[in-house]
Amino acid sequence: MEELNELLQQRRAKVKSYQDAGVNPFANDFVVNHNAQQVLEAHTDDDKETLEEVEATYRIGGRIMARRDFGKAAFLQLQDGSGRIQVYVALNQVGEEAFENFKKLDIGDIIGVSGSPFRTKTDELSVRAAEIRLLTKSLLPLPEKWHGLTDVEIRYRQRYLDLIVNPDVRAVFRKRSQIVSLLREYMLASDYLEVETPMMHQIAGGATAKPFVTHHNTLKMDLFLRIAPELYLKRLVVGGFDRVFEINRNFRNEGISIQHNPEFTMMEFYRAYATYSDLMYFTEELICHLASKVCGSLVIPYGEKEVDLTPPWDRLTLKESIVKYGTADMPVLEDRDQSFAYAQTLGLALDSNIGHGKLLAEIFDEVVEPKLWQPTFITEYPTEISPLSRKNDQNPEVVDRFELFIVGRELANAFSELNNPLDQKERFLQQLEEKAAGDEEAHGMDEDYIRALEYGLPPTAGEGIGIDRLVMLLTNSASIRDVILFPQLRPEIS
RNA sequence: GGGCCGGUAGCUCAGUUGGCAGAGCAUCUGACUUUUAAUCAGAUGGUCGUGGGUUCGAUUCCCCCCCGGCUCACCA
């Protein structure tokens, strides 16, 4: 048996002492009929005298977060899923036996209380306990009441504890849930069909990223956790579902940072008979809808600054943005070798064979992306780095694609879909060449996807929105780990 | 993976120019029937992240490692 420190021994001893006294320390027979918020709301307008006349009995359940004792009476702070309420416990109200059991309760214990509302001397609406019972004995002490829990490692590893003691954290995850609900509502109202496509792929497609590999024993084959649902969703558009969306996890075997978690949530959606341009308007409306519902304003704080989401958002081509935020002129960017020379002046370490398109993307990442604080659509991405996007009719060097940047981060990526199977096959072949040349993230050939396109994908536009980053923006969170309940960490050392 | 910073009581943190390890809260004992970080009196609680090295002696100095944060690289 492991050695327990004093605090833990004391709590285990209390379990035994309750059992010896015939009290079940893990009871499940207390009926709760109200929560803290309901009780508080029911009597917000009742003053002290009015409340004396009120004959109501509430049965509430929750965790003891604080207690202040006075010998034969005490105040408790009871916390449940809705908030906190003060409970007053007095010997002459609950009786001697119950009061003895009450005295052994610890902060962290979960109790049931029945009683009536009243206001204290300081006018705080409270519940005067007629009955108070232990429902779940807590064996581990909670963090300190004043400073709470700040150690981020414990907060992430033991999120349950973080949620118990940090109301701000609870608020962020409630908002996350609200955002996802609103998104779903909005998409359904816009006539999109919600679907679920495979998480385990035989070919890791739809994005450029390193996949996680897993293995199916019976089929005796390796599978990839999906890096994107894109190719499956477009198969569904081929199948006749003109508007589809999926909100689900993607897995990418890349670095971890304040804006990257190995598994992250993406909403991807596809709309037939639309263009990437249509999606820019849709994206503005969608995100503004969410911001006004969740934040109550289109001007929202982020870090030390503000973000103004009021449409219309800035639109720049990739090259225009480099001219605006960098130090190169348009003619330099039009020329591959001059662009390369410019990139070198930025200190970028580049393969000397790098293509013009990749070069521009590298330059953009370096000089533009961090500066796009206010919402900005960047368009005219190089075809070279967009193997699934439709080439622009006027200039086949670029595709009909945009990415949305807010607070210096990519939030969404969208394009008119490449629906010409012959072109798509060529692009895949090009990707295979790059893979052979050592690009681990180059796209693999997906013959069945080509076959689907051969049956005919209507002209379609599609988009992916990073939900974690969207939640970060709308909850003013600095790290993706603050909006993912259980972020990935190394194993805990025992 | 590289750089920087951190890991001391259940929690939040001090501290030791190398010599028995400190506070507040929590906990325990006692007092108190209207508190709001309640108050008052007393008490308990530590392999100072792990493993080595130097030293009469290491939590402190040195080295390896582990875990975390930020950052760079990669990416969304």
Side-chain angles (χ1 to χ4, degrees), chain A residues 3-11 13-14 48 64-77 84 86-94 99 103-104 106-108 118-124 126 128 138-158 161 164-166 206-210 227-228 250-268 347-349 361-362 365-366 369 403-405 409-413 439-441 464-470 472 478-481 487 489-494:
Chain A
E3 258 186 61
L4 297 175
N5 85 21
E6 200 189 357
L7 291 169
L8 309 191
Q9 284 179 21
Q10 284 164 356
R11 296 228 175 174
K14 283 181 182 177
K48 202 167 177 169
I64 301 174
M65 297 304 289
R67 57 180 294 166
R68 296 180 278 275
D69 280 276
F70 298 89
K72 297 187 179 62
F75 289 97
L76 302 178
Q77 282 293 323
R84 284 191 183 195
Q86 179 167 267
V87 172
Y88 178 66
V89 185
L91 171 61
N92 62 6
Q93 300 278 326
V94 299
F99 199 76
K103 282 203 286 193
K104 285 187 291 192
D106 288 302
I107 290 172
F118 77 110
R119 285 193 186 272
T120 64
K121 272 184 185 171
T122 54
D123 217 34
E124 176 162 350
S126 308
R128 180 184 279 114
S138 160
L139 295 183
L140 291 171
L142 288 182
E144 195 219 352
K145 60 186 172 191
W146 189 241
H147 300 94
L149 181 67
T150 60
D151 183 319
V152 286
E153 185 172 355
I154 303 178
R155 287 188 42 228
Y156 296 154
R157 285 193 196 284
Q158 300 178 238
L161 192 56
I164 290 171
V165 301
N166 291 324
T208 51
K210 295 187 201 84
I227 55 176
N250 288 347
F251 305 85
R252 298 190 185 174
N253 207 339
E254 317 262 2
I256 292 176
S257 80
I258 52 169
Q259 42 177 332
H260 299 89
N261 195 61
E263 54 180 298
F264 63 101
T265 302
M266 177 88 99
M267 178 170 85
E268 278 203 17
L348 295 174
E362 292 279 347
D365 287 350
E366 178 69 18
E369 181 170 359
E403 289 195 1
L404 168 65
F405 295 84
R409 286 182 202 133
E410 182 189 339
L411 224 78
N413 177 22
D439 185 347
E440 282 185 75
E441 295 180 353
I465 299 179
I467 301 306
D468 310 282
R469 290 183 181 179
L470 180 62
M472 284 170 71
S479 170
I480 197 168
R481 294 184 199 96
L489 299 176
R490 287 196 171 84
E492 190 175 358
I493 39 173
S494 52

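The sequence lines fix the lettering, A, B, ..., with proteins before strands; numbering per chain opens at 1.
- In this structure, Ile154(A) reaches the sugar-phosphate backbone alone: every heavy-atom distance under 4.0 Å involves primed, P, OP1 or OP2 atoms, never a base.
- At a cut-off of 3.5 angstrom, counting only N and O atoms as typed in the model, there is no donor on one side facing an acceptor on the other between the side-chain of Glu124(A) and the base of U35(B).
- The listed nucleotides are C74(B), G45(B), C11(B); the one nearest the side chain of Glu254(A) is C74(B).
- Across all strands shown, U54(B) forms no Watson-Crick or G-U wobble pair with both key distances under 3.5 Å.
- At the heavy-atom level, Ile258(A) lies under 4.0 Å from the strands shown only through sugar-phosphate atoms.
- Heavy atoms of Arg469(A) sit under 4.0 angstrom from at least one base atom.
- Across the C1' atoms, C65(B) and G53(B) are found 14 Å apart, a figure rounded to whole Å.
- Note: Tyr88(A) and Phe75(A) have tilted aromatic rings, judged against thresholds of 30 and 60 degrees for the angle between ring planes.
- Between A31(B) and A38(B), the two C1' atoms lie 14 Å apart (nearest whole Å).
- Where Ser257(A) and Tyr156(A) meet RNA chain B, the nucleotide closest to each residue was compared, and Tyr156(A) sits on the side nearer the 5' end.
- Residue Ile467(A) holds its CD1 atom at 5.5 Å from CE of Met267(A), rounded to the nearest 0.5 Å.
- Arg68(A) and Gln86(A) share a donor-acceptor pair across their side chains, judged by distance under 3.5 Å alone.
- The listed nucleotides are A26(B), U12(B), G45(B); the one nearest the side chain of Thr150(A) is U12(B).
- Put simply, Lys145(A) has a side-chain N or O that comes within less than 4.0 Å of OP1 or OP2 on A26(B).
- Between G68(B), C70(B), U34(B), one nucleotide has an atom nearer to the side chain of Ser479(A) than all others, and that is C70(B).
- Taking the P atoms as reference points, C63(B) lies 26 Å from C70(B), given to the whole Å.
- Nucleotides C48(B) and A9(B), compared at atom C1', are 10 Å apart to the nearest Å.
- Nearest-nucleotide positions on RNA chain B place Asp106(A) closer to the 5' end than the other of Asp106(A) and Asp69(A).
- The partner of A31(B), taking Watson-Crick or G-U wobble pairs whose two distances both stay under 3.5 Å, is U39(B).
- With a cut-off of 3.5 Å on both Watson-Crick or G-U wobble distances, the partner of A73(B) is given as none.
- Out of A26(B), G69(B), A73(B), the shortest distance to the side chain of Ile107(A) is found at A26(B).
- Within 4.0 Å (heavy atoms only), Asp123(A) reaches no atom of the nucleic acid at all.
- Within the nucleic acid shown, Asp151(A) comes within 4.0 Å of sugar-phosphate atoms alone, with no base atom in reach, counting heavy atoms only.
- Look at the C1' atom in both G10(B) and G18(B): the space between them is 30 Å, to the nearest Å.
- Lacking a ring centre under 5.5 Å from that of the base six-membered ring together with a plane angle below 30°, Phe75(A) does not count as stacked on A38(B).
- When rounded to the nearest whole Å, the span between CD of Glu369(A) and C1' of C74(B) equals 13 Å.
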### Task
Apply salt bridge (charged side-chain N to carboxylate O under 4.0 Å, His left out) to the pair Glu124(A) and Arg119(A), showing each step before the final yes or no.
CA-CA 5 Å; Glu124(A) 176 162 350; Arg119(A) 285 193 186 272; over 6 Å; no
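- Gly466(A) comes within 4.0 angstrom of nothing in the nucleic acid, heavy atoms only.
- When distances are taken from the side chain of Glu153(A) to each of U35(B), G68(B), U12(B), the shortest belongs to G68(B).
- The phosphate of G45(B) has neither OP1 nor OP2 within less than 4.0 Å of any side-chain N or O from Asn5(A).
- Using a 4.0 Å heavy-atom distance criterion, Thr120(A) is classed as a base contact.
- Looking at the side chain of Arg490(A), the nearest of the listed nucleotides C32(B), C28(B), C67(B) is C67(B).
- Counting any heavy atom pair closer than 4.0 Å across all strands shown, Gly464(A) reaches no nucleic acid atom.
- A side-chain donor-acceptor contact under 3.5 Å links Arg11(A) to the backbone of Ser138(A).
- The base of U33(B) sits within donor-acceptor range of the side chain of Asn92(A), with an N or O pair under 3.5 Å.
- Both thresholds, 5.5 Å between centres and 30° between ring planes, are not jointly met by Phe70(A) relative to the base of U33(B), so the two rings are not stacked.
- Of all nucleotides present, only G22(B) satisfies the Watson-Crick or G-U wobble test against C13(B), with each distance under 3.5 Å.
- Among the protein residues, Phe118(A) comes within range of the nucleic acid bases, having at least one heavy atom under 4.0 Å from a base atom.
- Within the 4.0 Å cut-off from OP1 or OP2 of A38(B), at least one side-chain nitrogen or oxygen of Arg68(A) is found.
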### Task
Report the C-alpha separation of Gln77(A) and Lys145(A) in whole Å, then their side-chain angles, then the decisive distance to 0.1 Å, and conclude whether the side-chain contact (heavy atoms from CB on, under 4.5 Å) test is met.
CA-CA 11 Å; Gln77(A) 282 293 323; Lys145(A) 60 186 172 191; over 6 Å; no
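- Considering only side-chain atoms of Glu144(A), the nucleotide from C32(B), A76(B), G10(B) that sits closest is G10(B).
- In this model, no side-chain donor or acceptor of Tyr88(A) finds a partner on the base of U35(B) within 3.5 Å.
- Here the straight-line distance linking atom CZ of Arg481(A) with atom CG of Asp468(A) works out to 12.5 Å at 0.5 Å rounding.
- The Val152(A) side chain lies nearest to G69(B) when the options are A76(B), U12(B), G69(B).
- Judged by distance alone, with hydrogens and angles left aside, the side-chain atoms of Asp106(A) form no donor-acceptor pair with the main-chain N or O of Gly108(A) at under 3.5 Å.
- Between Lys48(A) and Asp123(A), no side-chain nitrogen of the basic residue sits less than 4.0 Å from a carboxylate oxygen of the acidic one, so the salt-bridge criterion is not met.
- The side chain of Leu489(A) approaches G68(B) more closely than any other nucleotide in the set A73(B), C25(B), G68(B).
- Contact annotation for Leu91(A): no contact, since no heavy-atom pair falls under 4.0 Å across all strands.
- Base contact: Leu7(A) has a heavy atom under 4.0 Å from a base atom.
- Comparing A76(B), C32(B), C28(B) against the side chain of Lys14(A) picks out C28(B) as the nearest.
- Contact annotation: Arg481(A) side-chain N/O to C70(B) OP1/OP2 distance is under 4.0 Å.
- Using a 4.0 Å heavy-atom criterion, one finds that Arg252(A) contacts the bases of the nucleic acid, with or without backbone contacts as well.
- Between U17(B) and A73(B), the distance separating the two P atoms is 41 Å to the nearest Å.
- Using a 4.0 Å heavy-atom cutoff across all strands shown, Gln86(A) reaches at least one base atom of the nucleic acid.
- In this structure, the CD atom of Gln77(A) is 14 Å from the P atom of A26(B), given to the nearest Å.
- Going from the C1' atom of A14(B) to that of U60(B) covers 15 Å, rounded to whole Å.
- Atom P of C62(B) sits at a distance of 15 Å from the matching atom of G49(B), rounded to the whole Å.
- A close approach under 4.0 Å does occur between a side-chain nitrogen or oxygen of Thr208(A) and OP1 or OP2 of A76(B).
- Interatomic distance, Ile164(A) CD1 to Gln158(A) CD, rounded to the nearest 0.5 Å: 9.5 Å.
- Base pairing analysis places G46(B) opposite nothing; no Watson-Crick or G-U wobble pair with both distances below 3.5 Å involves it.
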